[in-house]
Each structure stands twice: as structure tokens, then as C-alpha cells.
Amino acid sequence: MFAASQTKLAGLRLSVNRPGGRVLSGKRGLVVQPRMASFDRPAGGASRGIPVPADLKSSVVDGTASSNNGGSVSVSGEVLTNSVLGPAAIYEKASDMGAYKASLPWWKIMLLGAIAGCYVALGGALLLTVGPNCPGLAQSNPGLQKYIMGAIGFPYALLAILTCGAELFTGNTALVTTAVYEGKATIKQLLKSWSCSYFGNMIGCALGIALFYNTGLMPQFTNGAESLALYKTAAPLKATFMKAIAANWFVCLAVWQSIAAQSFGGKFIACLGPVSAFVCVGLEHCIANMFFVPLGIIAGANVTMGQFLVNNLIPVTLGNIFAGTVLVATMYSLIYGSLGRKITQK
């Protein structure tokens, strides 16, 4: 007599035959015998760079591990045990994504950049409709009102950009830079990616402004758009630059976390936290400002386009670049990539 139990590991059905002697088999070539199991990796497992589960890796030599109960486990490939990549795998995948983005022709980057700008406008319209139009809540619970303003609107925009396919300049400052560090892209390709995505984002935001201006819905946008236009152009340059650094640090962390997440729900959570945080805190994102400030000027804010460019857009763009290249791409290359390996070799 024997008793069998089954558990699921990364899309494989593991059948365990307890003492009694008979061999059981599951799907995808999994064969389990008493005290020994052989795993075939699921499709795509190797490309995800996910390690063998901790309880099976007491010692691993040539694909064979000793399990805690004295049996042996033979692993023919990497086994997916959860839906989140590890930090080193995130960096490797980020560099691959950056290499792909850098290899695109300029016109595709411009087109995908315009799409991203449109998504920013769609999310920005939702933000302006909800958060700024809660005056009672702003007086009774200003912290909650700020969080609502951050959580409703922009996280959806970044989620659409990351999952549907688009080119966001601020994310590219980190992704394409990692590709350059790892020798997968050139400086010339980086400049092409940055410039085409930046101006593509600008075109998309302008299209979004034209769209919403002609919807007849401007009254619901006016309060928030005017306030944001005034707020964003009145701050000292040093403060604006620092807020821009913090903003894109949040955004690039959202991109990094979305790379780690292997499910749509996980990617949404990855976007929700950092993006809602940067909006709630009151930080500066150059692409978002391409939508908010010109819309605020159209709505009647006492701000000129020259003031927007000098007091906001230029310093914010530079701060966003610093965050993506230095605080994200460079730091993680030092830890997991080529920069760190160069230091170690020396």
C-alpha cells in the first residue's frame, strides 16, 4: 500500500510517492520516485533567471541537491517558485529592455513616445477630476486628499505605458543607461532614445491637451490645473531640481518593481506605491508637467510658457535625468553589473 500527495511548483505537478515503492509521474516530464525527484524547468524559466527554491538548495553540485530529509533532488533547470524576480535578475532584464529600446528606429521611438504622452494625459485628466475637486476633504483631512490625488490617475498611466507598450523618457534614463553600462547599447543609441522619447512625450501631451480642451470638460480640470501651474513655476530652482530627482527616483523604482513582477496585478501594485507617492508628496516629473502646466495656462493661470520652460521644465528634466542615470542605473550597475565587476577585478 502507498499514499501519494501532490503539490504545484511553478506550473509543475509534483507527485510524491510515500514509502511503498511505486513510481508516480506528473505533467511536463516530471517523474517522482521515493526519495528522488527530477524537475524539468517550465517554459521560459531560464530566461527569468530565478533560482532554485531555498528548501531544495542545501548543496548543489552539477544540478544535484541534497534535501533536508536525506533524499536527493536533481534539478535540470531553474525553477520558478514565486512571481517576483530577484534583484540581480531585475538588473539583467532591465539591461535587456534598455538594449531593445535603444535598437528601435527613431520614428518608432517618437511614435511610442507620443503614445506614452497621451497615456500621461489620460491619467492626468483623471487626477485633475478627482483629487483637486475634494475641497471639504482637503480641509478636514489634507493628507488623505493628497494621497487620493496621487493614487487616482497617474499609476494607471504608468501601468498602461509599461504593459501596453510605449516609450517614457524618464524610465528610459535608467533602462537605456543600464544597457550602455553592460555593452548592449552605445552612447549614440542612448541619445537617440532619450531625445526621440522626450519629444514624442511632448507631442503626446500636446495631443492630450487638445483632446480634453475640446471635450467641454475644462471646468472640472480648471481648479487643479491652475493650482499646479502656479505651484510648479513659483518654486526656487534648487528646490525644483531636488524635487525632480526625488520624483524620477520614485518613477524608476516603479519601473524596476514592475520588471520584477511577473503578473499584471503585481505590476499594478509596483506602479501604485511609487507613483502615488511622488504625486502625493508634491514632486516634479518633466513629462507630467508637459501636460499639467500648459493646460493650467490655457485654463487661466498667470504663467507664461517662458516661465514654464525656465523655472520648471529645464531644471526638472535635468533632475529626472540625474535620478535615472545615477541613483538607479549607476547604483545597480555597481552592485549587480559591469561597474561592480570592474571594481572587484581591480
**Q** Within the distance-only criterion (no hydrogens, no angle test), does the side chain of T215 pair as donor or acceptor with the backbone N or O of F212 below 3.5 angstrom?
**A**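 A pair under 3.5 Å: yes.
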**Q** Got a sec, which residues hit salt bridge (Lys or Arg N to Asp or Glu O under 4.0 Å) with K184, two or more places apart in sequence or on another chain?
**A**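 With sequence neighbours excluded, K184 shows a salt bridge (Lys or Arg N to Asp or Glu O under 4.0 Å) to E92, D96, given in chain and number order.
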**Q** Decide whether K232 and N289 meet the rule of one side-chain donor and one side-chain acceptor closer than 3.5 Å.
**A**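 On atom types as modelled, these side chains qualify, holding a pair under 3.5 Å.
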**Q** Would L237 end up clustered with V293 when hydrophobic side chains under 4.5 Å apart are linked, directly or stepwise?
**A**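 No; V293 is not reachable from L237 via cluster members.
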**Q** Please test C286 against L313 for side-chain contact (heavy atoms from CB on, under 4.5 Å), starting from the C-alpha separation and ending with a verdict.
**A** CA-CA 6 Å; C286 62; L313 189 59; 4.0 Å; yes
**Q** With no hydrogens and no angle check, is any side-chain donor or acceptor of K146 less than 3.5 Å from a backbone partner on G131?
**A**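 No; judged by distance alone, with no hydrogens or angles, the pair does not exist.
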**Q** A side-chain contact here means heavy atoms from C-beta on lying under 4.5 Å apart; do V275 and F250 qualify?
**A**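 In short, these two side chains do not touch, never coming nearer than 4.5 Å.
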**Q** Decide side-chain contact (heavy atoms from CB on, under 4.5 Å) for T304 and I297; before the verdict, give the C-alpha distance in whole Å, the side-chain angles of both, and the deciding distance to 0.1 Å.
**A** CA-CA 7 Å; T304 66; I297 293 172; over 6 Å; no
**Q** Please name the residue in the list T317, T173, T325 that meets the side chain to side chain donor-acceptor pair (under 3.5 Å) test with N248.
**A**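 In the set T317, T173, T325, the residue that makes a side chain to side chain donor-acceptor pair (under 3.5 Å) with N248 is T173.
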**Q** Should we say atom CH2 of W256 is surrounded by more than 12 heavy atoms from elsewhere, each under 6.0 Å from it?
**A**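 Enclosed: over 12 neighbouring heavy atoms sit under 6.0 Å from CH2 of W256.
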**Q** What orientation do Y198 and F169 show, parallel under 30°, tilted 30 to 60°, or perpendicular over 60°?
**A**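 Plane angle over 60°, so perpendicular.
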**Q** What's the separation between atom CD1 in I245 and atom CD1 in I321, rounded to the nearest 0.5 Å?
**A**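 Those atoms lie 11.5 Å apart.
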**Q** Look at the side-chain heavy atoms of Ile, Leu, Val, Met, Phe, Trp and Tyr, link any pair under 4.5 Å apart, and say whether F308 and I209 land in one connected group.
**A**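 Both belong to a single hydrophobic cluster.
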**Q** Test Y91 against S333 for side-chain hydrogen bond (donor to acceptor under 3.5 Å, both in side chains), laying out the working first.
**A** CA-CA 8 Å; Y91 180 81; S333 182; 3.3 Å; yes
**Q** Could you give me the CA-CA distance, side-chain angles and deciding distance for H285 and V316, then say whether side-chain contact (heavy atoms from CB on, under 4.5 Å) is met?
**A** CA-CA 7 Å; H285 186 268; V316 170; 5.6 Å; no
**Q** With a 4.5 Å cut-off on side-chain heavy-atom distances among I, L, V, M, F, W and Y, is there a chain of contacts connecting I335 to V328?
**A**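 Yes; V328 is reachable from I335 via cluster members.
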**Q** Can you confirm whether Q145 sits close enough to P142 that some side-chain heavy atom of one is under 4.5 Å from a side-chain heavy atom of the other?
**A**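 SC-SC contact between Q145 and P142 ruled out.
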**Q** In Å and rounded to the nearest 0.5 Å, what is the CD1 to OG distance from I109 to S195?
**A**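 Going from the CD1 atom of I109 to the OG atom of S195 covers 7.5 Å.
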**Q** Does some side-chain heavy atom of Y332 sit less than 4.5 Å from a side-chain heavy atom of I90?
**A**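 No. Closest side-chain heavy atoms not under 4.5 Å.
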**Q** With a cut-off of 6.0 Å (strictly less than), are more than 12 heavy atoms of other residues, nucleotides or ligands near CG of N141?
**A**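 Above 12, so yes.
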**Q** Is there a chain of hydrophobic side chains (I, L, V, M, F, W, Y, each step under 4.5 Å between heavy atoms) that links I148 to L283?
**A**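 I148 and L283: separate clusters.
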**Q** Do V130 and M149 land in one hydrophobic cluster if side-chain heavy atoms of ILVMFWY residues count as linked below 4.5 Å?
**A**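 No, no single cluster joins them.
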**Q** According to the interplanar angle, ranging from 0 to 90°, do the rings of F241 and F322 count as parallel (below 30°), tilted (30 to 60°) or perpendicular (above 60°)?
**A**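 It falls in the tilted class, 30° to 60°.
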**Q** Are K267 and L162 packed together at the side-chain level, in the sense that at least one heavy-atom pair is separated by less than 4.5 angstrom?
**A**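 Not touching, per the 4.5 Å side-chain cut-off.
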**Q** Taking the side chain as every heavy atom from C-beta outward, state whether L112 and S197 have any atom pair closer than 4.5 Å.
**A**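 No, too far: nothing below the 4.5 Å cut-off.
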**Q** Atom CG in L144, atom SG in C280: separation rounded to 0.5 Å?
**A**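 The distance works out to 9.5 Å.
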**Q** So, S95 side chain and T178 main chain: donor-acceptor pair closer than 3.5 Å or not?
**A**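 Not a single qualifying donor-acceptor pair exists.
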**Q** When rounded to the nearest 0.5 angstrom, what is the spacing between CG in L318 and OG1 in T240?
**A**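 L318 CG to T240 OG1: 11.5 Å, rounded to 0.5 Å.
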**Q** Under the 3.5 angstrom rule, does the side chain of W194 hit a backbone N or O of N172 as a donor-acceptor pair?
**A**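 Yes, W194 side chain to N172 backbone: donor-acceptor pair under 3.5 Å.
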**Q** Can you tell me how far OG of S338 sits from CD of E182, rounded to the nearest 0.5 angstrom?
**A**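 Nearest 0.5 Å value for the CD-OG distance: 4.0 Å.
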**Q** Taking the six-membered ring where the residue is Trp, are the ring centres of F292 and F154 under 6.0 Å apart?
**A**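 When the ring centroids of F292 and F154 are compared, they turn out to be within the sub-6.0 Å range.
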**Q** Does the E167 side chain pair with the main chain of G113, one donor and one acceptor, at a distance under 3.5 Å?
**A**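 The answer is no, because no donor-acceptor pair under 3.5 Å joins these two groups.
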**Q** Measure the spacing between CG of L272 and OG of S258 and express it to the nearest 0.5 Å.
**A**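 Going from CG on L272 over to OG on S258, the span is 13.0 Å.
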**Q** Apply side-chain contact (heavy atoms from CB on, under 4.5 Å) to Q189 and T186, showing your working.
**A** CA-CA 5 Å; Q189 288 177 315; T186 65; 3.3 Å; yes
**Q** Going by heavy atoms in the side chains, are I287 and N320 under 4.5 Å from each other?
**A**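 A side-chain contact is absent here, since even the closest heavy-atom pair is not under 4.5 Å.
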**Q** How are the rings of Y156 and F268 set to each other: parallel, tilted or perpendicular (split at 30° and 60°)?
**A**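 Parallel.
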**Q** Without swapping roles, check the side chain of K192 against the backbone of A102 for a donor-acceptor pair under 3.5 Å.
**A**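 Indeed, once roles are kept as given, a pair shorter than 3.5 Å links the two residues.
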**Q** When the side chains of residues 116-129 are checked against the rest of the protein, which donor-acceptor pairs come out under 3.5 Å, sequence neighbours left out?
**A**
from, atom 1, to, atom 2, distance (Å)
T129, OG1, A125, O, 2.7
T129, OG1, Q220, NE2, 3.1

